[in-house]
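Data block below; observations after.
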Amino acid sequence: MTQPDMAGRYLGVVVGGSISQGIEVKLEGDASVEEVKVGAPVTIHGERHRFFGLVTDVALEATDPHVKSAPPNGEDSFITRVMAGTAAYGTAQVQPHLVLPLVAGLSGSPQPAKAVPAFFSRVHYASPADVALVFGEEDDRHFAIGSPLDLEAKVCLDLAMYVARSNGIFGKSGTGKSFLARLLLVGLLQKNLASALVFDMASEYGWQGTSERGSGYVKGLKQLFPSRVSIFTLDPDHAQRRQAPVDYTVQIGYEHVEPEDIGLLRQTLNLSDAAADAANPLQRHFGQAWLRSFLRLKGPDIRSLADDLNLNQQALAALHRRLERLERYAFLVDSPAGDPVAAILQSLARGDHVVLEFGKHKDDLTAYMLVANLLSRRIHQRYVQQKEAALGDRAREPRPLVIVIEEAHKFLDPQVASQTIFGTIAREMRKYNVTLLVVDQRPSGIDTEVMSQVGTRIALGLDDDRDVDAVLAGVRGGRELRSALARLEPQQQALVFGHAVPMPIVVKVREYGDATYAELGRRGRRRASEGKQGAEDDLFG
Amino acid sequence: MSRFGEIIESSSTVFTAQCYHLYEGPPLGALVWAGTGPRTIGVVCNITTGTLDPGRRIVPRGAQEESEEEVYQSHPQLARLLATHIQAVIVGHMEGEAVRQYLPPAPPRIHAFVYACTPEETAAFTHHFDFLRLVTDAKDIAADEVLAACLRSAAACHPDPADFLLRAGKALALELTDDVPRLNAILRRVRP
Ligand SMILES: Nc1ncnc2c1ncn2[C@@H]1O[C@H](COP(=O)(O)OP(=O)(O)OP(=O)(O)O)[C@@H](O)[C@H]1O
Ligand SMILES: [Mg+2]
């Protein structure tokens, strides 16, 4: 998928426009209307300022109605060629976003554009230097996530800004969400800015992901950063079959399941509100081991318990029936072999990414949500404790943590968002150094308040208008973004906007595969205080 | 045929020259120049031939002749009684090498010698297209025909005639943005 390199090419002149509607540019020179794409970054050389903006629309215009009513005969190439660009011409609509120093290299950083360029200012495709001026150059906090449309230039995310808020990657199935999420996790490792805990539903982040292209496989994070990624699994057999090296097999004790976890499973277990709500009195009744104790009960005992606790008999019986499904999970045990939370925290504190593979449970949302919620809640608790114990001493604060969840709308739908740990994490921003990276194909299902807390949104192709609305909710310039979003290619193209970028931009997402492992796997500098033996072995092999 | 006649009538926008020899003037659309100091450049926009003596009507003389040529051979006085005039619409002037595609401060004088431009001069003058408007706006001439003829003949003086015509066509299109049918009519007359 190579793209033409338009860097620096002349596009045309400013012939009108406004700050609210964007600038109208008459296309001139060699610029063919057919080559100018919505979303392409351009610079406008005004009298006093250089403006940086995006093409938001392209149109065909005619100076005279006759051009439309009596167009030149298509075979008459001479007349057609004469007319092209003169009596019949193309225009591009450009939304200026930033003002750059007039001369590249001059000091001064890009500022928001509050004026319009003068009439007849010349418009060019942005150059790689312009793009670097706006999005930063790769350094210890800027990570290249792709290139702008038709330009060989790098668009960087400011990862330090990125991890300061919860973030989202949205797009329908197969657009490249998981590939992009994995790329960002590489960025976090390279720049050493945060640890990540990935709830890896399809076992594609840690070791040997699948790809529709090429050999069918791509390397996982641990293959690129062997000593900085720990693979945890709920299904050791599955890992063994794939020959994925496992650092820790997770077992979860019944006693760690809380009524909150059951509340979250309302939908996947098909529980009525009354049934789900019964978990709380059960816990008060049985104590910490409520789930185990409750599941041991048989029919008549359940009915009498319902009476004792003043609960609806049918609701309680239904809850019992549905929860029996949990007993099939081999990872749910009475006395777990170790404490997975402690193990995860230990890896995270070392600066590792932890990838928890779900193995055979990959299509089982109940297992996914139960485990993700339960572990995240307990990890979050520990972060809160550590952060409070640090008493504002930065050095003693826990290392920033990004929790990655897929199918996020299931955790964050308006019904449950207020009750789950994920809703809490999204709302409290990084107060306790924990943020979310939600990966989702149905953003319209996510609670709007949670969505409003999402700092940087990356949208790949979305079809459903409600999903588009949800992703663009509360964003300035929604109309242009909507048009850019509607025109994304079906794969590996994304609209990026929010805190980690100075302006919205459409990118062709950086390739993740054979050709790029070497540069992706390059280690960033580790901070001295976090030195660790294994790191030296992380030479890309 | 570099020098072919003299100016007998002159104004800011057009001049008329009488050719030294009957019928021996440049064709419609050709570039001509006259004058010293700034050389006034014109495009031949009209060619007339008629009697020099307004009192004498011209009568047919060839009833007994085999060909047109013989009419003239049998009546050598015709060459003195008749004359060819060319009218040129002024499209600019040249001072040395400098080309100015707007009207000169003063028109060429009566009796100024008039020359046909060489291919080099034609190419140099038609390097820009600001002069097109002086032709399209000229009154009382067949402006579109003159312009088409001018561009066709100028094209032959440029190394890449097709490219010249395309550039000229685009320049013309910008002048005639609000009259595309007229533009089309001219373009049809010049297309390679
Ligand atoms: N950055 C990239 N580099 C290389 N290949 C990519 C990239 N992005 C997407 N692809 C290709 O597109 C396919 C789909 O991408 P991915 O699995 O990330 O989609 P997804 O949005 O996560 O889909 P789903 O919702 O079904 O999980 C990949 O298998 C891969 O072949
Ligand atoms: Mg995916």
Side-chain angles (χ1 to χ4, degrees), chain A residues 9-17 23-36 44-45 57-93 117-124, chain B residues 29 43 91 101 122-123 125-137 142-192:
Chain A
R9 264 178 62 178
Y10 177 58
L11 205 63
V13 295
V14 171
V15 293
I23 303 302
E24 194 182 354
V25 177
K26 177 170 187 280
L27 300 180
E28 287 193 334
D30 305 338
S32 155
V33 197
E34 296 178 9
E35 280 176 329
V36 182
I44 306 175
H45 211 104
D57 201 1
V58 190
L60 295 172
E61 304 278 355
T63 54
D64 181 300
H66 284 98
V67 173
K68 291 182 187 173
S69 58
N73 178 347
E75 315 220 311
D76 195 332
S77 74
F78 174 66
I79 294 186
T80 308
R81 280 162 68 208
V82 168
M83 296 267 201
T86 56
Y89 56 95
T91 60
Q93 206 70 22
F119 251 109
F120 313 132
S121 298
R122 287 168 69 84
V123 184
H124 290 83
Chain B
V43 175
V91 291
Q101 299 193 339
T122 301
F125 186 80
T126 54
H127 201 68
H128 298 285
F129 298 106
D130 296 339
F131 75 95
L132 296 179
R133 183 147 206 134
L134 288 167
V135 182
T136 56
D137 283 1
D144 295 359
E145 294 293 342
V146 172
L147 192 57
C150 173
L151 293 177
R152 279 193 307 265
S153 59
C157 304
H158 285 267
D160 184 347
D163 172 68
F164 169 82
L165 287 175
L166 185 63
R167 286 187 295 116
K170 282 186 180 287
L172 187 63
L174 292 177
E175 298 294 344
L176 297 178
T177 46
D178 54 356
D179 193 352
V180 167
R182 183 175 176 200
L183 170 66
N184 266 322
I186 301 175
L187 292 179
R188 276 196 298 274
R189 285 163 171 73
V190 302
R191 70 184 145 201

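Letters go in sequence order (proteins before strands), and every chain restarts at 1.
Contacts between residues 154-165 of chain B and chain A, counted as heavy-atom pairs separated by less than 4.5 Å, involve B:Leu165. Within residues 81-91 of chain A, the residues approaching chain B closer than 4.5 Å by heavy atoms are, in numerical order, A:Arg81, A:Val82, A:Met83, A:Ala84, A:Thr86, A:Ala87.
There is no contact between B:Arg167 and chain A, counting heavy-atom distances below 4.5 Å.
Considering only heavy atoms from C-beta on, A:Ile79 comes within 4.5 Å of B:Arg191 through its side chain. Looking only at side-chain heavy atoms (C-beta outward), B:Cys150 and B:Val135 stay at 4.5 Å or farther from each other.
Taking CG of A:Asp64 as the reference point, atom CG of B:Leu183 lies at 9.0 Å (rounded to 0.5 Å). A distance of 11.5 Å separates CG of A:Leu27 from CD of A:Glu34, quoted to the nearest 0.5 Å. A distance of 8.5 Å separates CD in B:Gln101 from CZ in B:Phe129, rounded to the nearest 0.5 Å.
Heavy-atom minimum distance, A:Gly12 versus A:Val25: C-CG1, 3.8 Å.
Panel note: side chain A:Gln93, backbone A:Gly17; no donor-acceptor pair is recorded below 3.5 Å. Side-chain atoms of B:Arg152 come within 3.5 Å of backbone atoms of B:Arg189 as a donor-acceptor pair (strictly under, hydrogens ignored).
Partners of A:His66 under the ring-ring contact (aromatic ring centres under 6.0 Å, His included) rule, at least two apart in sequence or in another chain, do not exist in this structure.
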Please set out all donor-acceptor pairs under 3.5 angstrom arising from side-chain atoms of residues 172-181 of chain B, sequence neighbours excluded.
| residue | atom | partner | partner atom | Å |
| --- | --- | --- | --- | --- |
| B:Glu175 | OE1 | B:Arg133 | NH1 | 2.7 |
| B:Asp179 | OD1 | B:Arg182 | N | 3.4 |

